[in-house]
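Atom set for the values below is all heavy atoms of this structure, side chains included, hydrogens, waters and symmetry mates excluded. Computed from a predicted model, the values in this text were never measured in an experiment.
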Number of protein chains: 6
Amino acid sequence: MQTFSKTIKLGIPKGSLQEYTIKIFKLAGFDINIPERGYFLRIDDPEIECFLLRPQEIPKYVEKGKLDLGISGDDWILESKAKIIEICDLKYAKQEIKKVKWVLTVSKDSKIKSIKDLEGKTISTEAVNLVKDYLKKNKVKAKVEFSWGAAEVKPPRFADAMVDITETGASLRAHNLKILDTILVSSTKLITNKTTWQDKWKKEKISDLALLLQGAVKGEEVINLMMHVPGEKLNRILKVLPKLKSPTIKKLTGENWYDVEISCKEKETRELIPKLKRMGCQGIVEWPVVKLIP
Amino acid sequence: MQTFSKTIKLGIPKGSLQEYTIKIFKLAGFDINIPERGYFLRIDDPEIECFLLRPQEIPKYVEKGKLDLGISGDDWILESKAKIIEICDLKYAKQEIKKVKWVLTVSKDSKIKSIKDLEGKTISTEAVNLVKDYLKKNKVKAKVEFSWGAAEVKPPRFADAMVDITETGASLRAHNLKILDTILVSSTKLITNKTTWQDKWKKEKISDLALLLQGAVKGEEVINLMMHVPGEKLNRILKVLPKLKSPTIKKLTGENWYDVEISCKEKETRELIPKLKRMGCQGIVEWPVVKLIP
Amino acid sequence: MQTFSKTIKLGIPKGSLQEYTIKIFKLAGFDINIPERGYFLRIDDPEIECFLLRPQEIPKYVEKGKLDLGISGDDWILESKAKIIEICDLKYAKQEIKKVKWVLTVSKDSKIKSIKDLEGKTISTEAVNLVKDYLKKNKVKAKVEFSWGAAEVKPPRFADAMVDITETGASLRAHNLKILDTILVSSTKLITNKTTWQDKWKKEKISDLALLLQGAVKGEEVINLMMHVPGEKLNRILKVLPKLKSPTIKKLTGENWYDVEISCKEKETRELIPKLKRMGCQGIVEWPVVKLIP
Amino acid sequence: MQTFSKTIKLGIPKGSLQEYTIKIFKLAGFDINIPERGYFLRIDDPEIECFLLRPQEIPKYVEKGKLDLGISGDDWILESKAKIIEICDLKYAKQEIKKVKWVLTVSKDSKIKSIKDLEGKTISTEAVNLVKDYLKKNKVKAKVEFSWGAAEVKPPRFADAMVDITETGASLRAHNLKILDTILVSSTKLITNKTTWQDKWKKEKISDLALLLQGAVKGEEVINLMMHVPGEKLNRILKVLPKLKSPTIKKLTGENWYDVEISCKEKETRELIPKLKRMGCQGIVEWPVVKLIP
Amino acid sequence: MQTFSKTIKLGIPKGSLQEYTIKIFKLAGFDINIPERGYFLRIDDPEIECFLLRPQEIPKYVEKGKLDLGISGDDWILESKAKIIEICDLKYAKQEIKKVKWVLTVSKDSKIKSIKDLEGKTISTEAVNLVKDYLKKNKVKAKVEFSWGAAEVKPPRFADAMVDITETGASLRAHNLKILDTILVSSTKLITNKTTWQDKWKKEKISDLALLLQGAVKGEEVINLMMHVPGEKLNRILKVLPKLKSPTIKKLTGENWYDVEISCKEKETRELIPKLKRMGCQGIVEWPVVKLIP
Amino acid sequence: MQTFSKTIKLGIPKGSLQEYTIKIFKLAGFDINIPERGYFLRIDDPEIECFLLRPQEIPKYVEKGKLDLGISGDDWILESKAKIIEICDLKYAKQEIKKVKWVLTVSKDSKIKSIKDLEGKTISTEAVNLVKDYLKKNKVKAKVEFSWGAAEVKPPRFADAMVDITETGASLRAHNLKILDTILVSSTKLITNKTTWQDKWKKEKISDLALLLQGAVKGEEVINLMMHVPGEKLNRILKVLPKLKSPTIKKLTGENWYDVEISCKEKETRELIPKLKRMGCQGIVEWPVVKLIP
């Protein structure tokens, strides 16, 4: 058992965000181990204590100071109404994590065609506060019931509508449901609380960690590109290069050729590489990036 | 889509009871199919409609009449405070389903040594009503917080105690927890509501189904045994046979030997077979049983 | 290598029928082993040689005498136009093998609404002869193209219609297709050829095997039922019992009770058992059957 | 932890015999659980303590009295030179366990053509004593080296010959090896020691267990058969029935038909059932057997 | 559903080439998703429509213009006799894809020793045209039968010879077959048709894609190498470096050392790195490459 | 079969070191294939012959010259008492391979509290010589028994203590054992013998291979870092950079900024990157390294 003085207590979200969170920590330089059965995670930094908790509970535990630092989604931060400090977004570009969308759905055959038609009806959802706030904003009065799961089976037999996360819509179609509205698009946040943030040592430790995590998130969508550029075209070519980071340019010895090295978004290479080739670049080499701190 | 008039709406519990429930229906003669992604189950009886729902929600839906028939545990029937009719217990003898025990646990190093020490403390649990009733019965006042999961990590950092299901205790030991009390041993129930039970057709249909399900549950722990018994020992041997069902006895043609066939609990054969052999029985044959209706 | 004189050369269908075929042989008393990589199967009967072949090719090889005995579907027997002798149907009652239905499908948005609209169009299928025969019967002229697979992607871009096997229809829905007609419902057949059938030893060997296989197929859907019947109700109860096989009835010694044992279809027990219970039967025991030869 | 007085200490062989051993105990009526990581097995009989041990070590531990009862093969009983009492053979008819054959193999291209050619050579094996005894019997002097595994790679580079278990010969072929001789065909034994056998309570407990295990082993290869026999053919038919157990014969009420029930080896049904059918039997039903105690 | 005007219709080969194809597209910057059940692939470029089709059918569909672009092997391009335009080879250096070799095989014991011996015999193959062309070239007349699979079981019972793909030869050995000749070594091609190629927009789009795919294929076998080179040895060392791309050379500030960066084939590093070390290079660093466009 | 003259015979350790060994060879540029069933490995270098052998046996075979080169642990080198030449350590930094620790353990309840208490006791272990040497060094006399496995079950019933490898200690806790002493921490070694080492060609071949393997081992824990450094801070920043390899520094054209590229241990980036950022570096990019030869 570790001692508790001067450590960062960190909450890792169990479930759909778990694998991605642990991967980003690894890219940031921290190995987190999940024991065979267990919620006390092992991390290879003695100044951090790591707990595996449901993302629903992390915001509240951060607010109360039981955790110094947590990772959770906008959805559960709002649902829990916890007062926390958002340090940064851990937005992930690649497909491993899709956008978390909370949608309001009814049966395809339902007479409910708009939000207004929900007046007096029953809505089943795991995020009761989220839905109540949404109804208030839309000036609709409806009954909101807590759902323990199996949301897709609810309308129309067990509730008039339901609100749940959808990723591809395939499950909705399979259950004869249609989307009436998207009530929240949630993304992943690194959060802390006021007390922790006022501790100088903790703030610096957390800030460094945030820098590395953001560097890893950025690195996921970026590659490095090096190319030989003919001297007479250097200026025209520099103009088309992306500005993620200033390029490294070097004249090749004894020739009117330059060597240019840049970082750019992987997706941009689809248009950039053919363009550079056509403009006269040669020896274009692309390699992977782990972290990018601009 | 099936028509809704004159069918039994049946709720099958998603999760730990699911596999066993579907197996018992199969033994009872009903095939239930779970589509690849989906909660509308297919059952090979056009008079039954089948829904996959969380066991937490089934009692309420049975109470409200959204379901005619449901399978759930005592725990969620009590937690939901639903007014339902218990038709029968689906107690399962074999090891596939272990006893569901709700235990009150604290950290091994905790100063909380008895229920009384919980006064003023915080308890984390998924079954808030169950724990509140338990505290009331024990005349203890404590704060009960809803837990979204990861219960083992709660004491002592996130709560003073927690109440959750345990099966083997291995997870408790791994998280440095100890059991203070068992607050409920839950078993699986077949439940209906008053309105359904007053419909003559539905009551008969459900009663037949209950008979078959109970026959299948019984059949799981029973085998058939046939043996040749020497005439002079018949009476003594008949006395040691179990009385699950009256035995079928037949004199073998032209000999002073009898053929006796019984049903008995599989576990009893461990002592019964050697005893019968010693008492002079021969040609003892054991075969499996699917259903037994006494 | 086995010697080739006086053995039955048997073709086992590779693919969707394979697992079921091997299971039925096992129930019939024959173990077939599939070596890690290999088409020469091992069977524990030295008088049989076993080959794993595509069901498409088995009928032709039986016709030519390269096989004495084969298992294949009606579909490939018709498609191959092989002249063979059908010994028996191996119809399988349980869900492990679903009905093989060849359906004609077009895009949901297609202007083709009936078979007649196929005139002059292109149809993609793996069973070219089957489709040609079907078109001839319906007096429609259309182009039939051999399909190597991925049939669902064909209409409307790569062909106007396609004919393929469907099981649940889920794949059709996923590809925006609808069924215009079912052109064949195929079942599994045990087949031989004239020359083999004229060999006395082979005919007897094959007939015995067919008897056992059919017994195993039957056994799959049948169970045994034993019950105690009160003497005064014996006649009325005997009347409601299924007639799969004549019942075994025995008077219990010294009492006006009878012991009745029958075989019946498993699905019938759903109605039969509650009825028997209501009519006064006691100690109803059900057990599984491996083979039933009526 | 269980107490040690008056329990049977039982050694279960880890490895290739493990799964079969646990299955036979289950059929005999005893459930053995292997914890996730662990060698202290749980068995549902408080009078038995169960340990998972390598079959190589079980005979010695039985001899020394550290175990009362063990399961191991002839091979390791001989190799260990342990003085133990063989209670019975647990010979298994079905294919799950193949015969354990220890073979002497050399490279296909080796000049070693017979045992005599091994004079002065090196043999690699895991069963050093077994091979030494074999060489002595054959009056050949050769060096026997203990092998830690990967036996097939040994000849010809790392040893001149090797002795190891083979099942199908496929691995031998793949390593260009050929068999020179089979030095042992091993089967599974239930063993105890003198001291345990002299304890009256232990001897009875073990004898009962042996009876049940043998009944389960027998049951694996046996089925039950019931048939209707025409009265005039009863005697002729009784003559062709196997004598595993005396048949149960009963005259059907009011008809000249008899009901005959027998147990027979499953493999015999391949010839028996067609013969019975031809001799006039009807309603032949076969069902599975769990245990048979003759 | 996407609109069909001005998109590239692309055929991805289902089966053995599928995984590699999707990987190369990913490295080229395009993510292709295969839905759970489905042939309409999703690609993250709205100007491309993606279909999963058997490689046997892709050449014909490209020829007819139902696809603008396809990936298939030489084997099926030749077999289908489709008139298409080969854009480039997608030759893959690493082991994930082995060479596709079509071999002519007969039974080891066959009297057929050379191609000439096939005169009048029967050959079973999935690539009928390929084999007919081969026979014509060799002036041999033989019957070529379409094979639906299980090719290795064909000779000698079901055909005199067979032609099929082999990778390691292990399956041939297991079926007692030997190779008589290799009739084709096939590689993967990117193909289009004349009409598509005359559309300026399509040609440019496809050319860019081809450039990226070839860059990714090249990148698979290439790495980047950077080293410190002592000034006096620079010229000698530059001579031994591979010429895949002109090296990037830079004098280190204030020292007579140079920094040299090259791309080279990964396999060449086995000899190159020890040589460079011996020649006096220091700080040799190797890193992976994603794409290389020379 | 390969010819044996002038090749390096290489022993690859089967078991826990196998996967890591093959991975390091791959990073070093050599692909090793393990055939489906087989110990003759295929390596894509015709000058190397590869055998899969137990690590216990490799040192002896290297000593005898049956292998030129082998990979094994200190533990088995010492246990076998083989006279070999250690070429280098293949220490692996990442978590895939944990430290191999041989520990002396007794039952938690044992009266044995120190090594001295082992006098006259029995110790079970797979490494008999290792334990004997350890006892001699500690001047304790005890009986050492060879263990075939299942070491954790041995104390206290089957032996007084045991010596075995432990990784996490979880298995020890599960079996109620405690560690008394660590008798060896083993690491992986590349070994050869005197005769091989005197052959000039073999020595050079092996030395090159060792260079590449060590480069790959180093590369596993290292990354490359490139950053833009403001000219006025260049010297201060160069001082904090790790000295794994001299940095590559280049002035950016026309600006008072420098581009600095270094290799550093991945774990160091956790502190280095935030520090560099605070000191004014920009555009910090990190990428992976395959090999590093200093």
What do you reckon, is [atom1] of [X] surrounded by more than 12 foreign heavy atoms closer than 6.0 Å?
{"X": "A:R278", "atom1": "CZ", "result": "yes"}
{"X": "A:E19", "atom1": "CD", "result": "no"}
{"X": "A:K239", "atom1": "NZ", "result": "no"}
{"X": "E:K243", "atom1": "NZ", "result": "yes"}
{"X": "E:E255", "atom1": "CD", "result": "yes"}
{"X": "E:K265", "atom1": "NZ", "result": "no"}
{"X": "A:K251", "atom1": "NZ", "result": "yes"}

Quick one: pull up [atom1] in [X] and [atom2] in [Y] and give me the separation to the nearest 0.5 Å.
{"X": "E:S207", "Y": "A:K277", "atom1": "OG", "atom2": "NZ", "result": "13.0 Å"}
{"X": "E:K245", "Y": "A:Q282", "atom1": "NZ", "atom2": "CD", "result": "11.0 Å"}
{"X": "A:E261", "Y": "E:E261", "atom1": "CD", "atom2": "CD", "result": "6.0 Å"}
{"X": "A:D259", "Y": "E:S246", "atom1": "CG", "atom2": "OG", "result": "8.0 Å"}

Query - Steps toward salt bridge (Lys or Arg N to Asp or Glu O under 4.0 Å) verdict (A:K267, E:D45) - result: CA-CA 10 Å; A:K267 286 297 166 203; E:D45 181 335; over 6 Å; no
Inter-chain contacts: residues 286-294 of chain E against chain A, heavy atoms under 4.5 Å: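 At a heavy-atom separation under 4.5 Å, chain A is reached by E:W287, E:P288, E:V289, E:V290, E:K291, E:L292, E:I293, E:P294.
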**OP:** Taking the side chain as every heavy atom from C-beta outward, state whether E:K26 and A:E266 have any atom pair closer than 4.5 Å.
**Re:**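 Heavy-atom side-chain distance check fails, nothing below 4.5 Å.
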So E:I249 and A:K250, do their side chains get closer than 4.5 Å, heavy atoms only?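 A side-chain contact is absent here, since even the closest heavy-atom pair is not under 4.5 Å.
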Is A:M226 close to chain E through its backbone or its side chain, or both, or neither, when contacts mean heavy atoms under 4.5 Å?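 The side chain, not the backbone.
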Are there residues of residues 208-216 of chain A that reach to under 4.5 Å of chain E by heavy atoms, and which ones?
->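 The list, in residue order, is empty: none.
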Contact class of E:N224 relative to chain A, heavy atoms under 4.5 angstrom: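 Contact with chain A: side chain only.
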Exercise. Please state whether the side chain, the backbone, both or neither of E:T248 comes within less than 4.5 Å of a heavy atom of chain A.
Key: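 Both backbone and side chain of E:T248 come within 4.5 Å of chain A.
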